[in-house]
Peer 1: 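Sending over a structure as structure tokens; questions will come in a sec.
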Protein chains: 2
Amino acid sequence: MFETAGTTRDADETADSTHGCESCGVRARAICCSLDGAALAELHRLGRRVHVRRGQTLLWESDESVLVGNVLEGMFKLSTMTSDGREQIVGIVFPSDFIGRPFGRDSQQTVTALTDASICVFRRGAFDGFAEEHPGIQQALLRRTLDELDRARRWMLLLGRMTATERVASLLVEMADRLGGASGREIMLPLSRQQMGDLLGLAIETVSRAMTRFKDAGVIALPGGRRLAVRDRAGLRRLASA
Amino acid sequence: MFETAGTTRDADETADSTHGCESCGVRARAICCSLDGAALAELHRLGRRVHVRRGQTLLWESDESVLVGNVLEGMFKLSTMTSDGREQIVGIVFPSDFIGRPFGRDSQQTVTALTDASICVFRRGAFDGFAEEHPGIQQALLRRTLDELDRARRWMLLLGRMTATERVASLLVEMADRLGGASGREIMLPLSRQQMGDLLGLAIETVSRAMTRFKDAGVIALPGGRRLAVRDRAGLRRLASA
DNA sequence: CGCAGTGTTGACCGATCTCAATCCCGGTGG
DNA sequence: CCACCGGGATTGAGATCGGTCAACACTGCG
């Protein structure tokens with residue numbers, strides 16, 4: 001579900017192209033790492049850097065896919081909704097990850113910033129054209145998409161077959177792995193309880209109850225708000241089973 | 001979830017290469033459609049045609065991904081399991097679809113034939129090497145994988161947020177669209193009730209109950225066994241909501 | 001200090017699961 | 001032609017997990 005750890009900084013809504021790709025923080029990890037100088041310069045001319053605020057939506061489900069891009073800083077959620085408004089988060093996007101649906105088609109998900117964020121965006125048509133000319137980009141995208149598909153399918157097991165306890169524990173383990181580093185260290189959850197519920201297919205209260213049970217069992221600590229520290233990683237992993 | 005309609009014929013377990021790609025039934029739709037004569041001949045030399053029986057497993061979850069291929073005839077399921085044996089079907093594979101995980105990595109799913117089937121298989125290493133040399137293949141794979149990812153994510157909405165009724169109705173609608181053609185026509189479900197449950201994240205009894213409710217409501221007919229006729233497609237679609 | 005938004009807790013309800021009995025269809029053998 | 005058999009499918013009864021509704025607590029901020 002999660003791809004790469006990343007940090008968030010202040011952001012504003014201006015667009016600029018003042019920085020070259022050389023200074024780009026995700027240069028080595030994003031799909032552009034497959035490009036050499038000339039091609040990179042060409043791609044650079046097609047893109048611009050955009051800052052978005054937490055909560056802002058970049059693409060709407062079933063609208064035409066007008067833009068694609070790389071995440072530079074911050075995190076996004078991908079979500080879909082039923083016609084009556086039930087929401088399911090289908091992916092979390094981290095810095096260096098790719099956003100949007102290249103090659104025709106409507107966007108199948110809504111893309112919303114979970115934190116203030118900055119991205120390097122391209123008009124979809126222009127990007128498609130560039131990709132046609134540059135197999136390296138398609139190759140990089142392919143590998144990324146295959147990984148993403150594996151992750152989505154693993155999540156289907158969670159949604160279809162796991163209990164609430166297992167789901168919440170799985171999420172916390174993944175969070176800790178991604179954001180936390182050493183055990184015992186405190187991390188800041190990037191998701192509200194509601195968003196955790198939307199990701200896990202659970203009601204907000206069920207998420208909350210599971211977490212207090214884990215806290216009472218001494219497996220985690222919740223110093224308040226979105227702060228989390230994993231006390232017993234093995235125990236938590238056991239609760240996640242899978 | 002489903003990609004292409006297909007038929008099933010008798011099959012045996014022998015492998016052969018007697019037929020050229022020209023006569024291949026999925027030539028126009030599989031990823032090899034991106035190849036010209038010479039490259040196609042080269043790929044043909046790497047592959048062989050294999051027949052498998054219903055129930056036979058090609059790849060096991062978390063084993064090394066040793067082979068990939070194109071489905072010629074028949075259908076497969078992709079599935080994952082929890083450590084204690086709960087199963088989730090994460091995809092159904094139809095003729096002309098691609099099977100397996102190219103580019104390193106373990107297979108993340110078990111691939112099992114739902115019907116007698118035949119496929120055109122390659123050793124994964126050999127296929128990877130070929131793909132490196134032929135961007136067209138990677139491009140075709142990319143488009144396919146993007147579609148598959150969209151489908152997987154749509155299914156996540158079903159698993160995470162839909163009721164049992166909606167799930168079963170959604171599946172039947174999709175089945176009818178894929179296999180049925182005209183409304184009222186009878187189709188043969190490729191899945192047992194158990195497999196429908198494993199795909200929908202439901203207990204077998206829940207699937208069965210939903211179907212009899214649909215039958216009693218006159219929306220579908222169940223002439224017995226795996227046979228199904230959709231009587232009121234609009235009504236069924238309404239039950240599927242989404 | 002109070003307000004608003006978020007998170008927690010409790011009580012209750014209902015959808016879905018589980019367990020178990022029965023049914024039905026297709027195939028087999030007498 | 002029919003009785004029997006086996007496996008999948010259906011049906012029923014009861015248990016349970018998670019959802020819903022509602023009250024309350026906490027946190028951060030003006």
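All heavy atoms count here, side chains included; hydrogens, waters and symmetry mates do not. Owing to the predicted nature of the structure, the values given are computational and were not obtained by experimental measurement. Labels below follow one simple rule: chain letters A, B, ... track the order of the sequence lines, proteins then strands, and each chain is numbered from 1.
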Peer 1: In this structure, how many angstroms lie between the P atom of C:dC17 and the CZ atom of B:R86, rounded?
Peer 2: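 Going from B:R86 (CZ) to C:dC17 (P), I get 12 Å.
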Peer 1: With sequence neighbours left out, what residues match A:A169 under side chain to side chain contact (heavy atoms under 4.5 Å, CB included)?
Peer 2: A:F214, A:L236, A:L239, A:A240
Peer 1: At under 4.0 Å between heavy atoms, what does B:G201 touch on the DNA or RNA strands: base, sugar-phosphate, or nothing?
Peer 2: sugar-phosphate
Peer 1: Taking only residues two or more places apart in sequence or in another chain, which ones pass salt bridge (charged side-chain N to carboxylate O under 4.0 Å, His left out) with A:R167?
Peer 2: none
Peer 1: Want to settle it: does A:G224 or A:T163 sit nearer the 5' end of DNA chain D, counting the closest nucleotide to each?
Peer 2: A:T163
Peer 1: Go through the structure and list residues passing side chain to side chain contact (heavy atoms under 4.5 Å, CB included) with B:R209, not counting sequence neighbours.
Peer 2: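 Residues passing side chain to side chain contact (heavy atoms under 4.5 Å, CB included) with B:R209: B:E205.
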Peer 1: Return yes if a side-chain donor-acceptor contact under 3.5 Å exists between B:T57 and B:T112, otherwise no.
Peer 2: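 Their side chains do contain a donor-acceptor pair, which is all the 3.5 Å distance test asks for.
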Peer 1: Roughly, in whole Å, what's the span from CG in B:L202 to P in D:dG18?
Peer 2: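 Distance, rounded to whole Å: 14 Å.
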Peer 1: On DNA chain D, compare the nucleotides closest to A:A203 and A:P223; which residue's is nearer the 5' end?
Peer 2: A:A203
Peer 1: Quick one, give me the B/S/- string for nucleotides 3-9 of chain C, reading 5' to 3', where B means a protein heavy atom under 4.0 Å from the base and S means that only happens at the primed atoms, P, OP1 or OP2.
Peer 2: ----SBB
Peer 1: Kindly list each side-chain donor-acceptor pair under 3.5 angstrom involving residues 189-198 of chain B, sequence neighbours excluded, with atom names and distances?
Peer 2:
{"unit_1": "B:S192", "atom_1": "OG", "unit_2": "B:Q194", "atom_2": "N", "d": "3.4"}
{"unit_1": "B:S192", "atom_1": "OG", "unit_2": "B:Q195", "atom_2": "N", "d": "3.1"}
{"unit_1": "B:Q194", "atom_1": "NE2", "unit_2": "B:D198", "atom_2": "OD1", "d": "3.1"}
{"unit_1": "B:Q195", "atom_1": "OE1", "unit_2": "B:S192", "atom_2": "N", "d": "3.0"}
{"unit_1": "B:D198", "atom_1": "OD1", "unit_2": "A:R161", "atom_2": "NH2", "d": "2.9"}

Peer 1: Write down the distance between CE (B:M188) and P (C:dC25), rounded to a whole number of angstrom.
Peer 2: 13 Å
Peer 1: Rounding to a whole Å, what distance do you find between B:R213:CZ and D:dA9:P?
Peer 2: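 Taking atom P of D:dA9 as the reference, CZ of B:R213 is at 18 Å.
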Peer 1: Rounded to whole Å, how long is the line connecting atom CG of B:L200 with atom P of C:dC17?
Peer 2: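 Taking atom P of C:dC17 as the reference, CG of B:L200 is at 10 Å.
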Peer 1: Rounded to the nearest Å, what distance is computed from the CD1 atom of residue B:I220 to the C1' atom of nucleotide D:dA9?
Peer 2: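 After rounding, the gap between these two atoms is 13 Å.
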Peer 1: For B:E87 and C:dC17, what is the distance between atoms CD and C1' respectively, to the nearest whole Å?
Peer 2: 18 Å
Peer 1: Could you tell me whether a side-chain N or O of B:R101 sits under 3.5 Å from a main-chain N or O of B:S65, the two making a donor and an acceptor?
Peer 2: no
Peer 1: How would you list, by chain and number, every residue that makes a side-chain hydrogen bond (donor to acceptor under 3.5 Å, both in side chains) with A:E64, sequence neighbours excluded?
Peer 2: none
Peer 1: Which whole-number value in Å describes the distance from A:R227 CZ to D:dC26 C1'?
Peer 2: 12 Å
